[in-house]
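The first residue in the sequence is number 1, and the count goes up from there. Indexing begins at 1, ligand by ligand and atom by atom, following the structure's order.
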Amino acid sequence: MDGLTGGINLPPSPDVPPATLARPSPMDADIEDVLIGPEDLQRRVAELAAELAGVYAERNPLLVGVLKGAVVFIVDLMRAMAIPLQVEFMAVSSYQGGTQTSGAVRIVMDLQTSVEGRDVLIVEDIVDSGLTLRYLRDYLLAQRPASLAVVALLNKDIARVDAVPIEYTGFRIPDRFVVGYGLDYAERYRNLPYIGVIKPVVTGGADGAVR
Ligand code: IMP
Ligand code: MG
């Protein structure tokens, strides 16, 4: 590793905690419950990365991050996977700003490269109804990848009529609307370093826990 360790020396700045660790934020007041703290997120992501690096060593996998929710997850995940890989992004929309799915999935931004013959790994933030994932799986499978698997940071504990395969899961969580670590409510809270349940008063009572 000689020669690979940093050439630029910065003086230590003890007052600035790493971005991935908890720091007080005015947004904290909108959160009623922290489900997964920053350290647990980091630890689980590192575990997933180690597992995936083992499975995909020598396969140059194509990680497909689903914007925007999976952005924090994929950045931490790929940095922790010490194997050759490529990364692409897709943007899909299903929620239109509320806490309930609208049912329709739409591709807002497509891949910039072919997935044919590639080992594709879809990187998702959360699986709720499974509609988005089902759509993405079918869409990518139609392009004949060598293999297709899904890693989802969060999997909501709900009964799905048609189970959609999720090969790798970070955490199973209760059926509540969560924000942070990439996940938003009305495009806010993505930069929180933890996964938290938003107060119903913030969403006008439309809490995802009540269906
Ligand atoms: P699904 O199609 O119902 O599985 O929903 C998938 C997408 O909806 C996820 O990729 C998220 O972007 C969004 N989503 C679902 N549940 C939540 C939540 O609790 N908080 C924030 N976004 C969510
Ligand atoms: Mg998403």
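Proximity to Ser129 (heavy-atom distance under 4.0 Å) selects the following atoms of ligand 1: 1 (P), 2 (O), 3 (O), 4 (O). Counting atoms of ligand 1 from 1 in the listed order, those under 4.0 Å from a heavy atom of Leu131 are 2 (O), 4 (O). For ligand 1, the atoms closer than 4.0 angstrom to any heavy atom of Glu124 are 10 (O).
Under the rule for a side-chain hydrogen bond (donor to acceptor under 3.5 Å, both in side chains), Glu58 has no partner lying at least two apart in sequence or in another chain.
Around CZ of Arg144, the count of heavy atoms belonging to other residues, nucleotides or ligands within 6.0 Å does not exceed 12.
Using a 4.5 Å cut-off on side-chain heavy atoms (C-beta onward), Asp76 and Arg79 make contact.
In this structure a side-chain-to-backbone donor-acceptor pair under 3.5 Å is present from Gln112 to Asp110. Looking at Arg59, its side chain does come within 3.5 Å of a backbone N or O of Val55 through a donor-acceptor pair.
The shortest heavy-atom distance from Asp184 to ligand 1 is under 4.0 Å. Heavy-atom separations between Arg176 and ligand 1 include at least one value shorter than 4.0 Å. Using a 4.0 Å cutoff on heavy atoms, Lys156 counts as a contact of ligand 1.
A salt bridge links Arg176 to Asp33: one of the charged nitrogens lies within less than 4.0 Å of a carboxylate oxygen.
Here's the thing with Gly130: one of its N/O atoms is less than 3.5 angstrom from an N/O atom of ligand 1.
By the criterion of a heavy-atom distance under 4.0 Å, the side chain of Asp125, and not its backbone, is placed next to ligand 1.
Distances from atom 20 (N) of ligand 1 to the heavy atoms of Val178, Leu154, Leu183 show the closest one on Val178.
Taking the six-membered ring where the residue is Trp, Tyr185 and Phe177 present perpendicular rings, their angle passing 60° and hence far from 30°.
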